[in-house]
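Worksheet: one structure, shown below.
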Amino acid sequence: MAEDLQIISGSKKEQYQALLPQIKALLEGETDVIANMANICAALKQQFAWLWVGFYIVKKEQLVLGPFQGPVACTRIKKGRGVCGSSWEKALTLIVSDVEKFPGHIACSSLSKSEIVIPLLNQNQVWAVLDVDSEALNEFDEIDQKYLEEIIQLLQPE
Ligand code: SME
């Protein structure tokens, strides 16, 4: 495994391009999904210093909190609730530029201003979501969507 993560400055695209091979190296040879989710959260949080980066995993018709980095968070989310539950229900990536304008947004932290949620699919079924929260409005765009979707492709359900 690589030693320390190399943190780079530059455009968002340049940051993802430097981070992606490092995440691939971190996950190489490790099949445990929780361990891999944990390292993805740590790497993203270290590079981008977002407020919260974490996974929710589908368990018995609910999303249950998985590996994350950031402040404590709500542990269970029902299908269709909040940004995470909506992303799960629709099986779509959701980019929310202002969480206060998202009906039903679940405010785990009052500091969160914008959010992106990406579903992890296996045979067309959502088995987890990646949730990223920022203290800035309008933090996330199609560049985040492209690279975060690429990163979560590295994960397989057990
Ligand atoms: N804001 C999310 C809930 C999860 S926390 O932000 C960590 C939502 O509305 O689904």
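Start at 1 and go down the list; that is how both ligands and their atoms are numbered.
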(request) Give the intermediate values and the outcome of side-chain contact (heavy atoms from CB on, under 4.5 Å) for residues L120 and I57. (result) CA-CA 9 Å; L120 280 67; I57 302 166; over 6 Å; no

Which atom names give the shortest non-hydrogen contact between [X] and [Y], and what distance separates them?
X	Y	result
C84	Y56	SG-CD1, 4.2 Å
T31	N36	C-ND2, 4.2 Å
P67	C41	O-SG, 3.4 Å

(message) Quick test of your reading of the model: are D144 and K12 salt-bridged, counting only N-O distances below 4.0 Å?
(response)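 K12 and D144: salt-bridged.
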
Starting from [atom], which protein heavy atom do you reach first, and at what distance in Å?
atom	value
atom 6 (O) of ligand 1	D133 OD2, 3.0 Å
atom 5 (S) of ligand 1	C108 SG, 3.0 Å
atom 2 (C) of ligand 1	E115 OE2, 3.1 Å
atom 4 (C) of ligand 1	D131 OD2, 3.3 Å

(message) Out of V83, I106, V117, who is nearest to atom 1 (N) of ligand 1 when you count heavy atoms only?
(response)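 Ranked by closest heavy atom to atom 1 (N) of ligand 1, first place is I106.
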
Can you find an N/O atom of [X] closer than 3.5 Å to an N/O atom of ligand 1?
X	value
Y56	no
R81	no
H105	yes

(message) Using 30° and 60° as the class boundaries, would you call the ring planes of Y16 and F48 parallel, tilted or perpendicular?
(response)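 Plane angle between 30° and 60°, so tilted.
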
Can [X] and [Y] be counted as having a side-chain donor-acceptor contact under 3.5 angstrom?
X	Y	value
Q17	Y147	yes
E139	W50	yes
E149	T93	yes

Any idea which atoms of ligand 1 are less than 4.0 Å away from a heavy-atom of [X]?
X	result
C84	8 (C), 10 (O)
G82	9 (O), 10 (O)
W52	7 (C)

(message) With a cutoff of 4.0 Å, is F68 in contact with ligand 1, counting heavy atoms of the residue only?
(response)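 No.
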
(message) Applying a heavy-atom cut-off of 4.0 Å, say which part of F102 lies close to ligand 1: side chain, backbone, both or neither.
(response)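 It is neither part, as no heavy atom is under 4.0 Å.
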
